[in-house]
Engineer: 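Sending over a structure as structure tokens; questions will come in a sec.
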Amino acid sequence: MPSPMDLLDGLNPQQRLAVTAPPGPILVLAGPGSGKTRVLTHRVAYLIRELGVPASQIMAVTFTNKAARAMRARLEALVGPASGRDSVSLGTFHALCARMLRREAEHLPFRRDFVIFDDADQLSLMRQALKEMNLDPKQIPPGKVQALISRAKNELIEPEDFAASSYIGEVAKRAYQRYQQLLLQNNALDFDDLLLFAVRLLRDHDEVRLAYRRRFPHLLIDEFQDTNTVQYQWLRLLAGDPPDLYAVGDADQSIYRWRGADVRNVRRFQEDYPHAQVFLLEQNYRSTQTILDAAMGVIDRAPGRQRKRLFTDRGHGELVSIHEAYDEADEAQYVVETLVEGAHAGAWSPADVAIMYRTNAQSRVLEEAFLRHNLPYRLVGAQRFYGRREVKDLLAYLRLALNPSDQVSLLRVLNTPPRGLGAKTIETLLALADQKRIRAADILQDLSGRDSVFRAAFGTRPASALADFGQRLIAWRALAASAPVGTLLEAILRDVRYREFIDDGTEEGEDRWANVEELINLAQEDPELGLEVLLENVALVSDQDTLAEDQNATTLLTLHSAKGLEFPVVFIVGLDDGLLPHQRSYDDPEAMAEERRLFYVGLTRAMDRLFLVRAFRRHAAGGSSLAEPSRFLSDLPADRIQGDAPTRLTRAQAVYERQTRWEGSTPTPLEARYRAGMRVRHRSFGEGMVLESRLSDGEEELTVQFEVGGLKWLAASMANLEILEG
DNA sequence: GCATCGGATTTTTTT
DNA sequence: AATCCGATGC
């Protein structure tokens with residue numbers, strides 16, 4: 001074990017002060033790369049080693065499970081391995097709340113073995129609720145209602161208090177109640193419920209709250225700027241008296257407003273705890289000064305923000321590179337080529353590089369480029385493993401075996417693989433269950449008996465199919481209670497002949513079966529792991545958690561999931577207005593400010609090299625369109641960037657160059673009357689140059705740069721252009 | 001009851 | 001562009 005004071009070795013004076021502050025409400029405001037996580041970890045070690053706090057009295061909230069694991073590992077290096085009972089409680093809000101709710105289930109309207117519904121399950125349940133209310137899913141999109149309810153839950157708003165200010169709000173209010181009933185009937189909670197019920201529990205049960213306060217007198221929270229109302233209330237309820245609440249965050253990196261996160265919690269913290277000690281960590285240890293200057297150029301333009309200086313002693317390093325590509329394929333091509341060049345030159349290895357984008361959809365083209373060049377990559381998020389159909393099927397079987405009340409899972413698997421049970425039969429089954437006030441699963445199990453009273457309700461064939469399923473279910477439940485998860489899973493696979501169903505010999509079928517095998521491995525990895533815990537882990541893993549450390553692979557990830565990470569080399573692609581900032585943020589200044597912060601988060605992930613890329617043309621939802629360069633690009637200090645910084649003026653020239661280049665390789669279709677480079681005259685816009693001609697649906701669409709009129713998109717048949725030369 | 005086809009709808013970000 | 005949903009036909 002290291003000697004006492006080396007706990008502070010390698011910490012700068014600011015960090016030391018923050019780590020050794022006397023317990024109480026403490027706010028550490030820290031810029032990117034300033035050693036936030038390090039301070040947090042050392043703080044925990046300090047409590048244990050210097051103040052003699054038992055590890056089991058400490059609870060620390062991290063943003064991802066991966067961050068929790070990383071912190072545990074770093075902690076072990078500082079205080080030695082956690083011994084049995086005496087370990088720090090570490091996890092995400094959701095994981096910690098789930099644990100709390102299971103322990104305290106007796107106080108709550110659901111059972112200890114509740115399951116956690118993911119968004120697909122939630123949507124399915126919401127559809128059911130709306131259907132019961134005789135609402136047309138086309139008029140009332142279940143997803144919208146679900147979003148409204150989720151937002152309400154994050155704001156701690158109960159169904160009764162839901163403000164129904166619009167028609168959809170009115171619907172949502174009623175749907176909220178029904179949806180909540182259905183969840184309880186399923187013995188299920190959605191993500192938001194984990195937090196909501198935990199807050200209710202602590203709020204309404206004094207003895208529970210006091211017990212938890214005694215149990216965890218020391219609370220720490222990372223990424224505090226991204227807490228929402230429920231999470232903040234949870235912290236407040238849990239914080240004892242006097243509170244030892246240690247919050248670390250950076251308002252400039254708040255990027256989850258849409259999920260209910262409220263940066264104002266930072267200010268609220270200081271109001272709620274007027275004596276809170278505040279520490280600022282300013283020195284950056286991650287990036288070159290050039291990168292920091294670029295990032296400051298962007299964030300300083302954020303409205304209503306105090307200017308903050310980011311500095312490093314790492315030196316200036318290389319300029320930030322900016323590149324404008326033709327379209328997203330060209331963009332991906334540029335990224336891959338630059339990546340390979342650098343790797344060959346020994347400037348970096350592919351594993352040092354991360355490629356970031358605003359939307360998951362953008363990863364596809366990049367993946368293709370990587371595959372084409374035979375380059376290894378790892379993709380964070382997107383189509384997550386647990387989201388795959390076959391995996392969801394099997395998880396539904398497992399959930400059903402654990403919790404027969406889970407009707408959503410039952411309905412998912414009842415006829416998967418097909419066993420002759422159609423809509424009619426299922427309708428009868430549900431009606432019967434409703435009428436007798438028992439669970440559908442109970443009817444199935446009863447049907448498997450010799451002479452069930454329920455048999456009469458069904459036709460002969462459906463009845464025996466249902467009975468067969470019921471019999472299996474009984475067997476699976478027995479296994480769930482007695483055997484390791486792997487055994488149960490294998491029994492299910494065998495019983496329902498799942499492989500025959502999923503693996504049809506095609507490549508896709510093989511892929512799907514491979515996923516199943518991966519799930520089997522996961523289940524067998526830790527035979528001690530109970531079904532309950534496995535399902536909970538699966539429900540609460542985040543995209544980042546799936547990111548394996550190993551390999552020599554480049555990382556592809558969204559800007560959101562890049563939070564908290566760092567890479568020697570960062571590419572940010574898709575720097576177009578409409579993508580970053582995203583179009584959906586145009587009419588909301590707050591949303592626009594968040595887009596800016598998101599860009600800032602991306603920029604500050606880079607240690608040594610930063611490449612910013614955009615595409616002149618972008619394909620989306622069928623057609624293609626021309627994009628303006630991201631407005632944020634013009635906020636980068638000119639003396640910190642190199643390459644073809646796209647301004648409107650140079651853009652017109654770039655467009656012309658590119659057009660001639662690309663149109664040259666793909667001959668203009670015969671029907672087109674205009675070509676890029678032609679000079680034309682328009683009745684009102686005057687003279688200009690055709691930048692692009694594109695045929696779609698028999699119409700010729702033109703992009704023309706007019707000398708007086710500016711850049712215009714025209715339909716050739718309407719525009720009546722006079723060709724001057726070309 | 002099941003398969004196939006066409007159409008609508010989606011994509012912003014995630015625990 | 002891809003997936004999911006529903007309607008239609010067998």
Side-chain angles (χ1 to χ4, degrees), chain A residues 61-68 91-98 116-120 122-124 127 136-138 141-144 147 150 153-154 189-196 223 226-228 230-231 254-261 328 356-365 368 380-384 386-389 415-427 459 461-462 465 536-546 557-563 574 578-586 588 591 594-595 597-599 601-602 618-624:
Chain A
V61 189
T62 56
F63 200 71
T64 63
N65 293 297
K66 183 172 176 249
T92 62
F93 276 110
H94 290 84
L96 292 169
C97 286
I116 299 166
F117 274 8
D118 69 13
D119 12 307
Q122 290 169 37
L123 211 55
S124 154
R127 283 211 178 84
D136 179 9
K138 291 206 176 71
K144 282 236 171 66
S150 172
K153 287 182 172 182
N154 283 324
L189 302 185
D190 66 19
F191 288 131
D192 305 316
D193 281 341
L194 295 174
L195 305 162
L196 192 56
E223 307 285 8
D226 279 322
T227 53
N228 60 32
V230 203
Q231 292 166 341
S254 154
I255 55 174
Y256 283 93
R257 199 183 71 102
W258 49 273
R259 201 166 81 184
E328 61 268 298
M356 302 174 187
Y357 35 81
R358 176 68 234 266
T359 69
N360 280 305
Q362 291 169 259
S363 71
R364 192 189 196 87
V365 207
E368 283 165 8
V380 182
Q383 170 63 298
R384 32 208 306 202
Y386 296 112
R388 312 250 161 99
R389 195 188 358 182
N415 202 34
T416 311
R419 39 178 84 89
L421 297 169
K424 191 70 202 302
T425 310
I426 288 171
E427 197 185 312
R461 233 186 306 176
E536 178 168 317
N537 289 348
V538 164
L540 295 181
V541 284
S542 70
D543 289 334
Q544 276 198 34
D545 298 331
T546 61
L557 75 181
T558 64
L559 288 161
H560 279 90
S561 42
K563 182 164 87 155
L579 260 184
L580 187 69
H582 197 274
Q583 195 155 12
R584 299 274 271 245
S585 63
Y586 281 0
D588 179 355
E594 180 147 306
E595 297 288 306
R597 293 195 295 268
L598 188 56
F599 184 37
V601 166
R618 209 164 274 282
H619 301 263
S624 78

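Remember, predicted model here, so these are calculated numbers, not experimental data. For the numbers below, each heavy atom of this structure counts, side chains included, while hydrogens, waters and symmetry mates do not.
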Engineer: Inspect the contact between A/D226 and A/R257 and indicate whether a charged nitrogen and a carboxylate oxygen are less than 4.0 angstrom apart.
Structural biologist: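 Salt bridge absent between A/R257 and A/D226.
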Engineer: With A/D193 as reference, evaluate A/K153, A/H94, A/Q122 under the side-chain hydrogen bond (donor to acceptor under 3.5 Å, both in side chains) test and give the passing residue.
Structural biologist: A/K153
Engineer: Taking OP1 and OP2 of B/dT14, is either one under 4.0 Å from a side-chain nitrogen or oxygen of A/T558?
Structural biologist: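 Answer yes for this pair, as a side-chain N or O of A/T558 is under 4.0 Å from OP1 or OP2.
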Engineer: Round to a whole Å and report the spacing from CZ of A/R364 to C1' of C/dT3.
Structural biologist: 11 Å
Engineer: Which one, B/dT11, B/dT15, B/dT14, comes nearest to the side chain of A/R584?
Structural biologist: B/dT11
Engineer: May I have the distance from A/Q362 (atom CD) to C/dA1 (atom P), rounded to whole angstrom?
Structural biologist: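 Spelled out: CD on A/Q362 to P on C/dA1 is 15 Å.
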Engineer: OP1, OP2 of B/dT13 versus side-chain N and O of A/R257: anything below 4.0 Å?
Structural biologist: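 No, A/R257 has no side-chain N/O under 4.0 Å of OP1/OP2 on B/dT13.
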Engineer: Nearest whole angstrom, please: distance from the P of B/dT14 to the CD of A/E594.
Structural biologist: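 Taking atom P of B/dT14 as the reference, CD of A/E594 is at 12 Å.
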Engineer: B/dT14 P sits how many Å from A/I255 CD1, rounded?
Structural biologist: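 Rounding to the nearest Å, CD1 of A/I255 and P of B/dT14 are 9 Å apart.
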Engineer: Identify the two heavy atoms, one from A/I426 and one from A/L421, that lie closest to each other, and give their separation to 0.1 Å.
Structural biologist: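 In terms of heavy atoms, the two residues are closest at CD1-O, 4.3 Å.
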Engineer: Locate the shortest heavy-atom distance separating A/C97 from A/L195; write the atom from each residue and the value.
Structural biologist: SG-CD2, 3.7 Å
Engineer: Do A/L194 and A/I116 come within less than 4.5 Å of each other through their side chains, counting heavy atoms only?
Structural biologist: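 SC-SC contact between A/L194 and A/I116 confirmed.
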Engineer: In whole Å, I'd like the distance from the CG atom of A/L123 to the P atom of C/dT3.
Structural biologist: 17 Å
Engineer: Under the criteria of a ring-centre distance below 5.5 Å and an interplanar angle below 30°, is A/W258 stacked with the base of B/dT13?
Structural biologist: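 A stacking contact exists, since A/W258 sits close and nearly parallel to the base ring of B/dT13.
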Engineer: I need the minimum non-hydrogen distance between A/G574 and A/L579, along with the two atoms involved.
Structural biologist: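 Closest heavy-atom pair between A/G574 and A/L579: O-CB, 3.6 Å.
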Engineer: What class does the angle between the rings of A/F63 and A/Y256 fall in, given that below 30° is parallel, 30 to 60° is tilted and above 60° is perpendicular?
Structural biologist: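 Tilted, since the angle between the ring planes falls between 30° and 60°.
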Engineer: Under 3.5 Å between N/O atoms: give me all the protein pairs with nucleotides 7-10 of chain C, atom names plus distance.
Structural biologist:
none

Engineer: In whole angstroms, how far is the C1' atom of B/dT14 from the CG atom of A/D226?
Structural biologist: 11 Å
Engineer: In plain terms, say whether A/E594 and A/R597 are close enough for a salt bridge, that is, a side-chain N and a carboxylate O under 4.0 Å apart.
Structural biologist: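 Judged by the 4.0 Å cut-off on N to carboxylate O distance, A/E594 and A/R597 do form a salt bridge.
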Engineer: Would you measure the distance from the P atom in C/dC4 across to the matching atom in B/dT13 and give it in whole Å?
Structural biologist: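 That atom pair is separated by 16 Å.
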Engineer: Would you mind telling me which of B/dT11, C/dA2, B/dT14 lies closest to the side-chain atoms of A/Y256?
Structural biologist: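 The answer is B/dT14.
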Engineer: Can you tell me the distance, in whole Å, between the CD atom of A/Q122 and the C1' atom of B/dT15?
Structural biologist: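 From A/Q122 CD to B/dT15 C1': 10 Å.
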Engineer: Of the options B/dT13, B/dT11, C/dA2, whose atoms approach the side-chain atoms of A/N360 most closely?
Structural biologist: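 Given the options B/dT13, B/dT11, C/dA2, the side chain of A/N360 is closest to B/dT13.
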Engineer: What I'd like to find out is whether the side chain of A/V601 reaches to under 4.5 Å of the side chain of A/L559, using heavy atoms alone.
Structural biologist: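 A side-chain contact is absent here, since even the closest heavy-atom pair is not under 4.5 Å.
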Engineer: Consider the side chain of A/H94, meaning its heavy atoms from C-beta on, and name the nucleotide among C/dC5, B/dT15, C/dA2 that approaches it most closely.
Structural biologist: B/dT15
Engineer: What protein N or O atoms touch nucleotides 1-3 of chain B N or O atoms at under 3.5 angstrom, if any, and at what distances?
Structural biologist:
{"from": "B/dG1", "atom 1": "OP1", "to": "A/G422", "atom 2": "N", "distance (Å)": "3.2"}
{"from": "B/dG1", "atom 1": "OP1", "to": "A/T425", "atom 2": "OG1", "distance (Å)": "2.8"}
{"from": "B/dC2", "atom 1": "OP1", "to": "A/G420", "atom 2": "N", "distance (Å)": "3.0"}
{"from": "B/dC2", "atom 1": "OP2", "to": "A/N415", "atom 2": "ND2", "distance (Å)": "3.2"}

Engineer: To the nearest angstrom, how far is A/L196 atom CG from B/dT15 atom C1'?
Structural biologist: 15 Å
Engineer: Would you kindly compare A/H582 and A/A95 by the position of their nearest DNA chain B nucleotide and give the one closer to the 5′ end?
Structural biologist: A/H582
Engineer: Between A/R618 and A/Q362, is there a side-chain heavy-atom distance shorter than 4.5 Å?
Structural biologist: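 Answer yes - side chains close enough.
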